[in-house]
Protein chains: 2
Amino acid sequence: MQKYDHIPRATIQRLATYMQVLETMKKDNIKITSSEPLATACDVNASQVRKDLAYFGEFGVRGVGYYVDYLLDAIKDCLHANREWRTALIGVGNLGRALLNHQEFNRRGIRIVGAFDCDPFKIGEVAYGLEIFCSKRLQEKVPELGIELGIITTPPERAQRAADQLIEAGVKGILNFSSARIVTPNHVYIEYVDFFHQIYSLTFNISTKN
Amino acid sequence: MQKYDHIPRATIQRLATYMQVLETMKKDNIKITSSEPLATACDVNASQVRKDLAYFGEFGVRGVGYYVDYLLDAIKDCLHANREWRTALIGVGNLGRALLNHQEFNRRGIRIVGAFDCDPFKIGEVAYGLEIFCSKRLQEKVPELGIELGIITTPPERAQRAADQLIEAGVKGILNFSSARIVTPNHVYIEYVDFFHQIYSLTFNISTKN
DNA sequence: ATCTGTGAAGCGTTTCACAGCA
DNA sequence: TGCTGTGAAACGCTTCACAGAT
């Protein structure tokens with residue numbers, strides 16, 4: 001797929017942003033765009049957009065720009081966002097339930113097909129159409145349901161154990177919503193969602209820049 | 001506070017991570033640490049930790065390391081995380097409700113003191129102890145309640161309008177959970193929380209690195 | 001004429017290596 | 001001796017400037 005062996009992490013993040021903006025353009029029936037408006041919408045430099053895309057191929061037409069539909073598909077291919085990813089969620093508390101009910105996952109091909117928790121009071125309950133299983137059953141359920149991704153929404157003190165269970169069961173990537181840092185082997189990717197980081201970025205900037 | 005005029009954005013993000021790790025150490029009754037274990041826990045280089053801290057001051061003791069309590073306080077000061085930030089939330093849907101009920105906000109001094117929505121069926125309802133007001137009343141409520149931050153949990157198509165209302169009412173920073181890109185004037189800071197970016201980072205890495 | 005794709009330059013962050021201090 | 005704090009080197013990402021394509 002890509003032409004280069006290493007692609008900056010920041011490029012991957014931006015591709016996801018371009019995807020979002022292109023989807024909005026598509027909805028607004030915009031057929032053609034170019035690096036300049038795309039860049040403006042994403043708060044980056046126009047050559048940054050072109051360079052990011054160049055890591056993966058040549059998706060534009062010189063003198064014209066980019067066909068929105070085509071570029072959107074191309075970016076989805078780059079990120080492997082154009083297929084389904086079967087996913088397990090561990091920790092059916094407030095946040096877990098909110099995510100189970102979050103329609104955007106389905107719309108984007110992230111299919112949450114298993115819900116797990118270690119609280120005996122929750123096990124067996126059905127939440128948004130999914131039976132809640134004991135976390136110990138990940139071992140059997142991950143292969144059975146063809147699960148590749150895990151989402152952790154447990155309290156922080158249970159996050160590492162949840163991760164260990166996911167890893168042992170064979171998932172390839174973990175999205176961690178708990179505030180705990182987690183150790184994974186090299187072949188299992190981990191990403192953190194901690195919006196307090198962004199909040200502190202706000203409080204820092206507000207307080208510092210006059 | 002800080003000794004340098006410009007501090008890398010990445011440094012701020014990492015400080016938030018150090019804070020998290022130090023809080024865990026504090027809970028585990030660890031009194032002294034050093035750049036090496038801190039770095040390992042955060043998946044960064046030890047000199048990165050020292051350099052990040054050096055932007056703000058000298059918080060360590062040569063030959064000894066860092067006193068956990070002291071360093072934690074110092075970092076909180078750097079990020080202005082050691083005071084209350086009165087906050088408004090706009091968009092009381094699933095995600096909005098999950099956040100209103102999220103105890104971590106209180107624990108960290110982010111006080112959500114106003115809930116707003118433009119759906120007439122929701123206005124007047126009480127969600128987790130907060131009466132839901134019409135978004136139009138931000139103008140009056142933001143000064144009245146001393147609100148400085150705004151959290152947007154509306155659907156994407158209403159995000160810009162929500163932001164405009166927050167900005168006009170005088171908030172200084174916005175945390176946007178909707179997938180829409182938002183335009184703000186220079187004096188209003190905006191941060192995006194879009195975990196699909198992280199998901200795509202996972203799907204990309206899983207698919208690419210064999 | 002216009003906008004992409006890209007080598008090279010510029011710039012900012014990360015890492016190194018070591019002086020400084022307990 | 002051990003660990004911090006820091007100038008300097010290394011590195012990688014971003015931006016520029018322009019050749020190339022329509």
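Lettering follows sequence order; numbering is per chain, from 1.
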Atom [atom1] of [X] to atom [atom2] of [N]: distance rounded to whole Å?
| X | N | atom1 | atom2 | value |
| --- | --- | --- | --- | --- |
| A:Gln48 | D:dC13 | CD | P | 10 Å |
| A:Leu38 | C:dG5 | CG | C1' | 15 Å |
| B:Arg62 | C:dC18 | CZ | P | 16 Å |
| B:Lys51 | C:dC16 | NZ | P | 13 Å |
| A:Asp52 | D:dT14 | CG | C1' | 10 Å |
| B:Phe56 | D:dG5 | CZ | P | 14 Å |
| B:Leu53 | D:dT4 | CG | P | 9 Å |
| B:Arg9 | C:dT14 | CZ | P | 12 Å |

Is there side-chain contact between B:Ser178 and B:Glu157, with at least one heavy-atom pair below 4.5 Å? no
Do A:Ser179 and B:Arg108 touch side chain to side chain, with heavy atoms closer than 4.5 Å?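 A side-chain contact exists here, since the closest heavy-atom pair is under 4.5 Å.
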Give, for atom CZ of A:Phe177 and atom CD of A:Glu191, the distance between the pair rounded to the nearest 0.5 Å. 11.5 Å
Treating B:Thr33 as the side-chain partner and B:Val68 as the backbone partner, does any N or O pair qualify as donor plus acceptor under 3.5 Å? no
Ranking A:Arg50 and B:Glu36 by the position along DNA chain D of their nearest nucleotide, the one closer to 5' is B:Glu36
Using heavy atoms to find the nearest nucleotide of DNA chain D for A:Gly63 and A:Asn45 separately, return the residue whose nucleotide is more 5′. A:Asn45
Base, sugar-phosphate, or nothing for [X], non-hydrogen atoms under 4.0 angstrom?
| X | answer |
| --- | --- |
| B:Arg14 | sugar-phosphate |
| A:Ala46 | nothing |
| B:Ser34 | sugar-phosphate |

Nucleotide nearest [X] when distance is taken to its side chain, options [options]:
| X | options | value |
| --- | --- | --- |
| B:Ser35 | D:dT4, C:dT14, C:dG5 | D:dT4 |
| B:Glu58 | D:dT6, C:dC21, C:dT13 | D:dT6 |
| B:Tyr55 | D:dC13, C:dC3, C:dT14 | C:dT14 |
| A:Pro8 | D:dC13, C:dC3, D:dG5 | D:dC13 |

Assuming nearest nucleotide by heavy-atom distance, tell me which of A:Ser47 and A:Val64 is located more 5' along DNA chain C.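 Taking each residue's closest nucleotide, the earlier one in sequence belongs to A:Val64.
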Check whether the ring centres of A:Phe105 and B:Phe195 lie less than 6.0 Å apart, and answer yes or no. yes
Please determine whether a side-chain nitrogen or oxygen atom of B:Tyr67 lies at a distance below 4.0 Å from atom OP1 or OP2 of C:dA22. no
